[in-house]
Enquirer: 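Here you go, one structure.
Chain A is the first sequence line, chain B the second, and so forth, proteins listed ahead of strands; every chain is numbered from 1. These figures come from a predicted structure and were not determined experimentally.
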Amino acid sequence: MKDNKKDNKNNLLINSISFILFTILTLYLTVINNKIYLFKLQDLSLFLPTKMFFLDKVSTPGGFLSYLGLFFTQFFYYPWLGGFIFIFFLFVVQFLTAKAFKLHKNYYPLSFIPSLILLLVLSHLGYNIYILYSEGIVFSNLFGIIMVLGAFWIYRSINKSNLRLLFSLIFITILFHLTGFYSLLTVLLFVVFEIIAVKNDYRNSQFIIIILPLIFALGIPFLFSRFLYLTTIFPNVYIAALPAFGITGDLILYLPFVALFAFLILVVFNFLPTAKTQRPNRLFYYIPAFVFLLVIIGVYLFSYDDENFRTELAMEQAIFENEWEEVLDLSRELKGEPTRLIVMSTYLALRKLHIAGDKMFTYKNGNKYFNTRSPILQMEIAGKMFYFQYGKINYCYRWCMEDMINNGMKVENLKYFVKCCLLNGEIPLAKKYNDVLMKTLFHKSWATKYQQLIENPEEIINDSEFSEIIPLLDPVNRLYTDKVDRLEDFLTYSFAFINAGTSQLIELSLQYNLEFKNSERFWLCFAYYVKKFSRIPVHYQEAALLYAYLEGNVDLSRIKFDSEVLNNFTKFVNMMKQYSHFSKEKLEPIFFKNFGGTYWYYYFFFEQVARSR
Amino acid sequence: MKKITIPLFLAIILVACSDGIPDDFILSNESVKIYPDYTNLTIPFNIAPTNFTIDEDADGYITKVYSAKGKSVNVIGKDVLIKVNKWKELLLENKGDTVCFQIYLQKGNEWTKYPVIKNYIANEPIDNYISYRLIEPLFAIYDEISIHQRDITSFNQKTIYHSHLVSTGTRGQCINCHSFQDYNRNGKIQMHFRGYLGGTLITKDRKLEKYNLKTDSTISGGVYPTWHPSLDLIVYSVNKIHQNFYTRDIQKTEVQDQKSGLVLYNIRKNEVRKIIDGSYDLETFPYWAPDGKSLFFASADYIPELDYVPEDLAVNYDKIKYDLYKISFNTRTLEFGEVDTVFKASSIGKSATFPRLSPNGKYLMFTMADFGNFHIWHKTSNLYLIDMETGETRGIEELNSSETESYHSWSSNGSWVIFSSRRQDGAYTRFYISYFDGQGNFHKPFILPQKDPQFYQQFFKSFNVPEFLIRQVDFSPHDFLKALKTNSKNAVFAGNAGY
C-alpha cells in the first residue's frame, strides 16, 4: 500500500515534469524562437478554398494529406495561431500514442516521443524550406501519424480477427490514395500486432490476417500505379506523402522519420505478453523518463538554429514590408560574420534610405557560407527579391516562375508576380495572380491594396515602393542570360557596367564599382555625380582620394572634400607608410580599429570570396 | 446594367410559367455579360457544351437554352452548366440553325429578361479529338510536362504521357514535339523526349520504338516533326537552340536557333538524310502538304555579324527574319526537288513561321511577327492567310488580337481551325476554335469549352501545340514508359535526300 502510494507519487512527478518539459520545448521551438520561420513557411506555400485546388491536390497519392497540410500551414500567417494549432495536434498525437498502444502509466513520458519527433520535422529544416518539393510538410506528416495512431487504436479494439482482417483490407484500399505511405505504415503496425498475437495464440487463421494485408499493402499501390496513376513513378508510389528530400539532396532530413516509424513499430511490442510487468522495479520508472529526456535533448540540439538564417528571414520580411530601418537594425544586431545575403540586404536598405554613400562600409561585411549540409544558392533564397528591388523585373518574374515549376505555387511568388506585372504594365496578368491571393484567408487585404492599382494603373508611379524601383529599370532592352549560381555577380556586373540611365542608376553603378574596386568605372560615375549633386557622400570622397592617390594623375582640386575625410585620409596614408613592413594579416586589426568603417579599409582588407552561396 | 424604363418597351409581360421561367419580367435591351464570350459564334454541331458564367451580380439566374427543334434546357445559377447529352441532342437536331440562350436575372423581387444570345450551328463537324501539351509558361527549368488528348465533343481529357511518370526534379524530362500521321487516322504517333531517358518514340508496326536520330553528320536529333500523310517518313528540323532573356521587354524571353536544318527520317530503313543544311540558313518548322507531294518550311538567311554566334544572336536578334518556302517531293523516289519561295516575309520586315496548308490545298495559314521564329513569345505575332490560287495574302483580323497568336491546325475537313492565343492575359496560352467558310473567311473564334466556365481564370498552365485527331491515341502512358526504358536504336546517316 505504502509502495503503491510512493509509485503514484513518483509517476505523478515524472509525468508532470515530462509534460512541462514537452510544453516548454514546443513553445520555444514554435511561437517563441521561430515566429518568423513559421511565417515564412506559410509564405512559401498556398492554400485555396476552391474545388480546382482540392481536386488538383487529391489527384496524387497522399495528396489529401498535403491538402490538409496546406490548409493548416496558412495559419502560420499569425505565428502564434498556427503555432498553437500545431502544438494542439502534437498533444493529439501524444494522447493517441498513449491510447493506441495502451501505454502503462509508467511509460507516460514515452507517449511524447512521436510528438517530439514531429516537432523536429518542423524545426530542423533550416534553409531547406526554400527547396522542399513537398507541400504542407509540417502538418501533412502530423496528420499522417494521427491517422496511423487512430486506425491502430480502432484496430486493436476489434476483438474478432475476421473483422480486423476486413478492417485492414478496407482500410488500405480506401485510404492508400488519400494518405499514401501512412496507410502502408498503419497496415504494417497491424501486421506486427498480429505477429505478436500469433506467438500468443497459434492458429492457421492468424497467418491469413498477417499475409493478406501484406499482399494488399504491396499490391494496391502497384495496381493503382499501373492502372490509375499517371504522375507517380512506380517504386516511389510506396513512399507517397513522405517528403521528397531525395530531390533536395539532404537525406539526413529523413532521419527523424526513420526514428519515428521505428518507434511506432517497436512500441507495438508493448503488446507482447512478456511486456506486461508484474512487479515494477526502479528501472521501470526511470528508463522511459531517461529515454524521453534523451529525445527532448536530441530534438533541441538537432533543431536548426543559425543566427544568419534567422537574420536573413527577418530581413526578407522587413524588405517585403519596406521596413528599411528594421533591416539596418538587424544588420547591426548580428554578432557573427554575415552571409553575402545579409550584406546585400544591408546595402539594399541603405540604398533605399539613400544613405549608402555615407554608410555602406560602416556595416559589417562578410562572406560566410550558408550553414547547410547540401548546397543552396542565393538565387533560390532571395533571387527574386533582389531582382525585384533592383528593377530587374523580368528576372524576378522568371525566377518566380522557375520556382513555381519546381515547388508549386507560393504566396510569396504570387505577390512578386503581381508587383512585376504592375511594373511591366501587364495589368490583366497582374489581375490573374491577384485574384488567386484574393481567395486566400490571410492575404486578401494585401491583394485588395494591389487591386486598387490594377483598377487604377496610373497610380503605379505614385506608389512609394514602385517609385523607388522605376528609376532603376533598365533603360535599354537587352538580351542576356543570368545564371542560377551567379546572383550577386550578375547584379554587380549589370550595374557596374551601365553606360546610361537615371541619376539613381548612375549612383547605383558608382556604389557597385566601389564594391567591385573598379577605379576606371568609378571615375566615370563620380564625374557625373559631382556635376549633378552638390554634396558628395563620405565613401565617394574616400574612394576619390584613394584612387587619386594610387593613380597619381588625377586632378581633384575642384572637388570639395569634407575636412574630416581629408584629415582621416592623411592619417590613413601616414599609417600605411608607417606599417609598410607589416604583413597584411598584422595590418588588418590595426587598420580595422582606426579605419574600420571607411572605404580604404574595405579596399585593402576585404575580399569577397563566396558570391553565389 | 441599366434597365429601360420606357413603359412600352419595358412592358411587364405575363408568361405562363411551367418550367421555372419567371412569369413576370422586365425586358432589357442591354446585353448581359458572359464569360467566356460565347456570343454570335458559329459552332460545330458536335462540340462540347459552351458552358459560361453570367458576369453580373444578381439574386437569381435562369438561362433557357433552346433551338427551333427539340427540347429546351433550363439552367438555374450563375454558372450555366449544360448537360452534355441534352446539349448534343439539341445541336444535332438543329444543324444549320441557331442555338439560343435566353437569360433572366433576378434583382430583389424583380426579374429581367435580356436579349437572346444566338450561336449558329454549322453543318460541318469538327474532329472529335485534339492533342496538346500542358505546361507552365516556362522559362528554362522543366519539371511537370504532360501531353493530353481531349474529346472536344465532351469534357473528357486523357493523358497521353506525363513526365512525372518517370522523373521529377533534377531528373526532369522535357516533352513536346509530338506528331501524328494524317490526324492519327492509322494510329501513328511520334514523340520526342529530352533529358532523362531521352529519345524519340515512333510507332512502327503498331508498336512504340525508341530511336536516337542524332548522327555524326547532323547537328541534333529530330526536333520539330511532320509525319508524311501516307508514307512512313518523318521530316524533322534539327536545331541547336539557344535561349536568352530580355532585361526590359515584357516579351521576356527569346528562343533562337544558332543552327538549324531539315532532315528526312525513313522509319522503315532507320536512316536519316539531309534535306537542306546551309551553313547560315536557318531552316525549321517543316510541314507536309496534305497530298504529301511537297514540304513547306520556314527559313532565315542568317550571317552573323559577330564571330561568337550566341553574342550575335543577343545583339542582332531583331534582324533575323524567316521566310516561307516549299520544296517538291517525289513520293516514288523519295527525293526532294527544287525550293520555291512561298512568302518573302523579310521583304516587308517581318518573320513568318508555322506554314499550314488547308486540307484542300487552297489556303496556307501561317504565323508572322516582327522577327525570330519562336512566336509564342512575340506580342506582334498574328495569323495570316495566303490564297494559294491568287497569291493574295492577308492578316486574319477575325482571329487576331493585340496579344500573341501562334500555333494553329486545320481540322481534317478544313472547316475548322484551332489556334493558340495569349489574348486573355498576355502570358497563358489558350486554344481558340474558328469556323472557316472555304471562301477565305473565318468566323468569330471561341475559346475551347471547359466544364467549369471559370477554369481558364484559375488554371496556371499553358496549352501548347493543338493538333486535331480523328481517333484517340492507341497507347497508354505506361506503353510510352515501357518503350522509353528500352535502348535507343541509332539512326544511320544516308547522305542527302535529293536537294
Enquirer: Between Y480(A) and chain B, which part of the residue has a heavy atom less than 4.5 Å away: side chain, backbone, both or neither?
Expert: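 Y480(A) touches chain B through backbone and side-chain heavy atoms alike.
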Enquirer: Go through G426(B), A314(B), S476(B) and name the one with the most non-hydrogen pairs under 4.5 angstrom from chain A.
Expert: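 Option with the greatest count: A314(B).
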Enquirer: Heavy-atom distance under 4.5 Å to chain B: side chain of N424(A), backbone, both or neither?
Expert: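 Interface part for N424(A): both.
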Enquirer: Decide yes or no for Q256(B) and F374(B): does some side-chain heavy atom of the first lie under 4.5 Å from some side-chain heavy atom of the second?
Expert: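 Side-chain contact under 4.5 Å: no.
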Enquirer: Any salt bridge linking D403(A) with K410(A)? Criterion: basic side-chain nitrogen under 4.0 Å from a carboxylate oxygen.
Expert: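 Looking at K410(A) together with D403(A), the answer is yes, because their closest N to O distance falls below 4.0 Å.
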Enquirer: Taking the six-membered ring for Trp, are the ring centroids of F371(B) and H378(B) within less than 6.0 Å of each other?
Expert: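 Distance test on ring centres: under 6.0 Å, yes.
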Enquirer: Can you tell me which portion of I393(A) sits under 4.5 Å from chain B's heavy atoms? Options are side chain, backbone, both or neither.
Expert: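 Nothing of I393(A), per the 4.5 Å heavy-atom cut-off to chain B.
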Enquirer: Tell me, side chain or backbone of K51(A) under 4.5 Å from chain B's heavy atoms, or both, or neither?
Expert: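 Neither part, no heavy atoms under 4.5 Å.
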Enquirer: Examine whether an atom of Q457(B) lies under 4.5 Å from a heavy atom of chain A, and if so say whether it belongs to the side chain, the backbone or both; otherwise answer neither.
Expert: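 Contact with chain A: backbone only.
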Enquirer: Check this for me, if you would: do D474(A) and R248(B) make a salt bridge, where the nitrogen-to-carboxylate-oxygen distance has to be below 4.0 angstrom?
Expert: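 No, this pair does not count.
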Enquirer: Could you look at Y428(B) and say if it's the side chain, the backbone, both or neither that has a heavy atom under 4.5 Å from chain A?
Expert: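 The side chain, not the backbone.
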Enquirer: Looking only at atom types and distance, does a side-chain atom of T440(A) sit under 3.5 Å from a main-chain N or O of L437(A), one as donor and one as acceptor?
Expert: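 Confirmed, T440(A) side chain pairs with L437(A) backbone.
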Enquirer: Side chain, backbone, both or neither: which part of E403(B) has a non-hydrogen atom closer than 4.5 Å to chain A?
Expert: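 For E403(B), there is no contact with chain A at all, as no heavy atom is under 4.5 Å.
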Enquirer: At a heavy-atom separation under 4.5 Å, does L313(B) approach chain A through its side chain, its backbone, both, or neither?
Expert: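 Just the backbone, heavy atoms under 4.5 Å.
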Enquirer: Within the 3.5 Å criterion, strictly below it, is a donor on N413(A) or K384(A) matched to an acceptor on the partner's side chain?
Expert: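 N413(A) vs K384(A): donor-acceptor pair found between side chains.
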Enquirer: May I ask you to name which of F53(A), Y229(A), Y433(A), F227(A) has the most heavy-atom pairs under 4.5 Å with chain B?
Expert: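 Heavy-atom pairs under 4.5 Å are most numerous for Y433(A).
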Enquirer: Please state whether the side chain, the backbone, both or neither of T50(A) comes within less than 4.5 Å of a heavy atom of chain B.
Expert: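 Contact with chain B: side chain only.
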Enquirer: Against chain A, label F480(B) side chain, backbone, both or neither, depending on which of its atoms sit under 4.5 Å from a heavy atom there.
Expert: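 For F480(B), there is no contact with chain A at all, as no heavy atom is under 4.5 Å.
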Enquirer: Any non-hydrogen side-chain atom of I376(B) less than 4.5 Å from a side-chain atom of S381(B)?
Expert: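 A side-chain contact under 4.5 Å is absent here.
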Enquirer: When heavy-atom pairs shorter than 4.5 Å are enumerated against chain B, which of K431(A), M409(A), K392(A) gives the highest number?
Expert: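 Max contact count across the listed options: M409(A).
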Enquirer: Would you mind checking if K432(A) and E426(A) are paired as a salt bridge, meaning a charged N to carboxylate O distance below 4.0 Å?
Expert: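 Not counted as a salt bridge, because no side-chain N and carboxylate O are separated by less than 4.0 Å.
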Enquirer: Ignoring hydrogens and geometry beyond distance, is a side-chain donor-acceptor pair present between Y246(B) and Q251(B) at under 3.5 Å?
Expert: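 No pair is found: no donor N or O on one side chain lies under 3.5 Å from an acceptor on the other.
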